[in-house]
Asker: 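My questions will all concern the structure given below.
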There are 2 protein chains.
Amino acid sequence: MSKFDSTLDLCFSALGDPTRRMILERLARSEATAGELAEPHSMALPSFMEHLKKLEAAGLITSEKKGRTRVCQLAPDAFSPAKNWLTEQSVIWEERLDQFDDYITNLMKEKNK
Amino acid sequence: MSKFDSTLDLCFSALGDPTRRMILERLARSEATAGELAEPHSMALPSFMEHLKKLEAAGLITSEKKGRTRVCQLAPDAFSPAKNWLTEQSVIWEERLDQFDDYITNLMKEKNK
DNA sequence: GCAATACTTAGGGATTTTCCTAAATAATTT
DNA sequence: AAATTATTTAGGAAAATCCCTAAGTATTGC
């Protein structure tokens with residue numbers, strides 16, 4: 001992805017990978033070091049660390065170096081941007097109340113024929 | 001992505017692109033043809049149609065050929081899988097009640113030092 | 001100090017993604 | 001029937017993604 005991605009781009013893209021969702025599911029339970037997080041994934045460490053980087057770039061996790069370990073946590077309100085966007089769209093969709101807008105739209109289309 | 005992606009993989013990945021989110025935002029308001037949807041995007045039609053394909057593969061929209069047009073709609077419950085996953089994680093996170101789990105985890109780690 | 005541990009950096013390869021142009025097809029409209 | 005409209009198919013280039021190995025660097029335990 002390009003250098004000019006919005007939070008939502010980064011956030012949703014990060015969530016689109018199963019390895020990264022597993023990491024988040026793990027971190028929802030408690031903080032953990034990079035090594036602990038990597039364990040269940042049969043993947044070379046450098047590859048795995050890239051996933052952590054993407055999660056952090058998306059604002060989904062934070063991490064801090066403690067001694068030789070890197071401790072990761074779920075970011076506070078990590079999921080808010082994504083949830084808010086989804087909720088907004090759902091609300092707009094539901095406000096259409098039985099496709100009333102479509103009814104009007106179609107009516108007007110018929111008129112212009 | 002591979003041929004064996006889960007709904008969540010496809011769904012979140014589809015949402016990770018601004019063009020595709022714009023399409024969904026448009027469709028939350030009313031159904032539209034491929035051409036109508038493409039208009040605001042300065043992009044060759046074949047490129048644009050690929051975005052529609054991804055949204056449909058992710059179960060976010062449905063489409064139907066009507067005459068020479070392809071009419072697209074938001075899929076019913078399009079956002080449920082994504083919203084559900086996000087909500088589940090938020091719940092688990094919030095259940096930790098002021099980092100109580102972390103407190104225990106850290107206590108045990110200290111013990112094992 | 002020396003070895004072990006926990007990453008981190010560097011570089012590279014296969015696949016996927018995101019865009020393009022050109023040409024084909026299918027359904028109106030004239 | 002011929003032209004126009006609305007895609008659709010085919011093929012391809014550039015960049016991003018996701019994985020790897022090999023070789024650092026920094027911290028900790030002996």
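Here is how names work: the chains are called A, B, and so on, in the same order as the sequence lines, proteins then strands, and each is numbered from 1.
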Asker: D:dT21 C1' sits how many Å from A:Met43 CE, rounded?
Answerer: 15 Å
Asker: What are the residues of residues 45-62 of chain B, sorted by number, that bring a heavy atom to within less than 4.0 Å of DNA chain C?
Answerer: B:Pro46, B:Ser47, B:His51, B:Lys54
Asker: Which of the following nucleotides, C:dA6, D:dT7, C:dT18, is nearest to the side chain of B:Thr69?
Answerer: D:dT7
Asker: Scan the side chains in residues 41-49 of chain B for donor-acceptor partners under 3.5 Å anywhere in the protein, sequence neighbours excluded, and list what turns up.
Answerer:
none

Asker: Should A:Thr33 be listed as having a side-chain N or O under 4.0 Å from OP1 or OP2 of C:dA6?
Answerer: no
Asker: Under the salt bridge (Lys or Arg N to Asp or Glu O under 4.0 Å) definition, can you give me all pairs with a residue in residues 38-62 of chain B, not counting sequence neighbours?
Answerer: B:Glu50-B:Lys53
Asker: For B:Ala34, which contact category applies under a 4.0 Å heavy-atom criterion: base, sugar-phosphate, or nothing?
Answerer: sugar-phosphate
Asker: Within the structure provided, determine whether B:Asn84 and B:Phe79 are in side-chain contact (heavy-atom separation under 4.5 Å).
Answerer: no
Asker: Donor-acceptor check, side chain of B:Arg29 to backbone of B:Glu25, threshold 3.5 angstrom: yes or no?
Answerer: yes
Asker: Is a side-chain N or O of B:Ser13 found less than 3.5 angstrom from the main chain of B:Leu10, in a donor-acceptor match?
Answerer: no
Asker: Atom NZ of B:Lys65 and atom C1' of D:dT9: how far apart are they, to the nearest Å?
Answerer: 12 Å
Asker: If you measure only the distance, is there a donor-acceptor pair under 3.5 Å linking the side chains of B:Lys83 and A:Ser90?
Answerer: yes
Asker: Specify the separation, in whole Å, of atom CZ of A:Arg68 and atom P of C:dT8.
Answerer: 13 Å
Asker: How many Å lie between CZ on A:Arg70 and P on D:dA26, as a whole number?
Answerer: 14 Å
Asker: Round to a whole Å and report the spacing from NE2 of A:His41 to P of D:dC18.
Answerer: 14 Å
Asker: Taking OP1 and OP2 of C:dT18, is either one under 4.0 Å from a side-chain nitrogen or oxygen of B:Thr19?
Answerer: no
